[in-house]
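Owing to the predicted nature of the structure, the values given are computational and were not obtained by experimental measurement. Computed from heavy atoms alone, side chains included, the values below leave out hydrogens, waters and symmetry copies. Convention: sequence-line order gives letters A, B, ...; per-chain numbering from 1.
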Amino acid sequence: MSETSLPKSKFIRQYYRSVYGQILMPVIVISLATSKRRTIQITTECLLDSGSDHSIFSFEIADELGLRYKNALIETGVGFGGRFRFTSFPGTVFLGTVSDSSLTHSFEMHPRFHEPGSDAPQVLGRLDFFNAFEHIEIFESGKYVDLYPA
Amino acid sequence: MTKNEVIELKKLDKRVKKDFRGKWVAREGFELIAVADTLKEALRIAREKGVDKPIVRQVPREKHRYSFF
């Protein structure tokens, strides 16, 4: 039988919440800003979703960060509910920040945004959230997630 | 977060889901700071109350037990 020991370095812990259905799920508190206007930061809560390629936030957050729908690229993707439209801002670099009482980790993100008016869930995906961490440990029985910054 | 804070946050989540469907809510820790129809309004109310960096999200409009994303 082989054993794998994971490197024990500093991590950021986030606890499960029931923000969508009645079942507790891994929810991450994350602050989002653009690289051009770092002083404007919106802190929100998203589902950690390894099934999502990209992170997707509510369009109202993009609006608060100074981005306008008329400048967005409209794309389509496929999810559990079928095909859906979302927006992106290819020329904009976003900064995501996750922290707890002892550690803060900031990183570049390239999120998408739901269409205006949608109340679809906000998710954190693999290509612009998971890859900002050396590894992520999910403790289903303990109902928390440990994020190890890259 | 302490164990007590986790418990208080769960109570807040339950209350928010029940009472504020479709609304934007802003919290500081496990205290609800603002409830509004738009994110802009929720942020304005939070700032008026002296909370510069509230944690915001929109409460789902519909009630359901399970989620599949």
Under a 4.5 Å heavy-atom cut-off, does chain B meet the side chain of [X], its backbone, both or neither?
X	result
A/V19	both
A/S101	neither
A/Y15	side chain
A/S118	backbone
A/D49	side chain

To the nearest 0.5 angstrom, please state how far the [atom1] atom of [X] sits from the [atom2] atom of [Y].
X	Y	atom1	atom2	value
B/K53	A/Q41	NZ	CD	5.0 Å
B/W24	A/I61	CH2	CD1	4.5 Å
B/T38	A/E64	OG1	CD	8.0 Å
A/T43	B/E28	OG1	CD	11.0 Å

Should we count [atom1] of [X] as having more than 12 external heavy atoms under 6.0 Å?
X	atom1	value
B/E62	CD	no
B/R21	CZ	yes
B/E31	CD	no
A/R83	CZ	no
A/R126	CZ	yes

Answer with yes or no whether the hydrophobic clustering places [X] together with [Y]; edges join I, L, V, M, F, W, Y residues whose side-chain heavy atoms lie under 4.5 Å apart.
X	Y	value
A/I28	B/V25	no
A/L47	A/F129	no
A/I74	A/F57	yes
A/F89	A/F86	no

Study note, to complete from the structure: Ranked by heavy-atom pairs below 4.5 Å to chain A, first place among B/Q58, B/K10, B/K17 goes to B/K17
Practice item. Would you mind checking which part of B/V6 comes under 4.5 Å of any heavy atom in chain A, side chain (CB onward), backbone (N, CA, C, O), both or neither? Key: side chain
Point to revise | Validation row: B/K40, A/D63 side chains within 4.5 angstrom (heavy atoms) | key: yes
Review point. Okay, side chain of A/E60, backbone of B/L39: is any donor-acceptor separation there less than 3.5 Å?
Key: yes
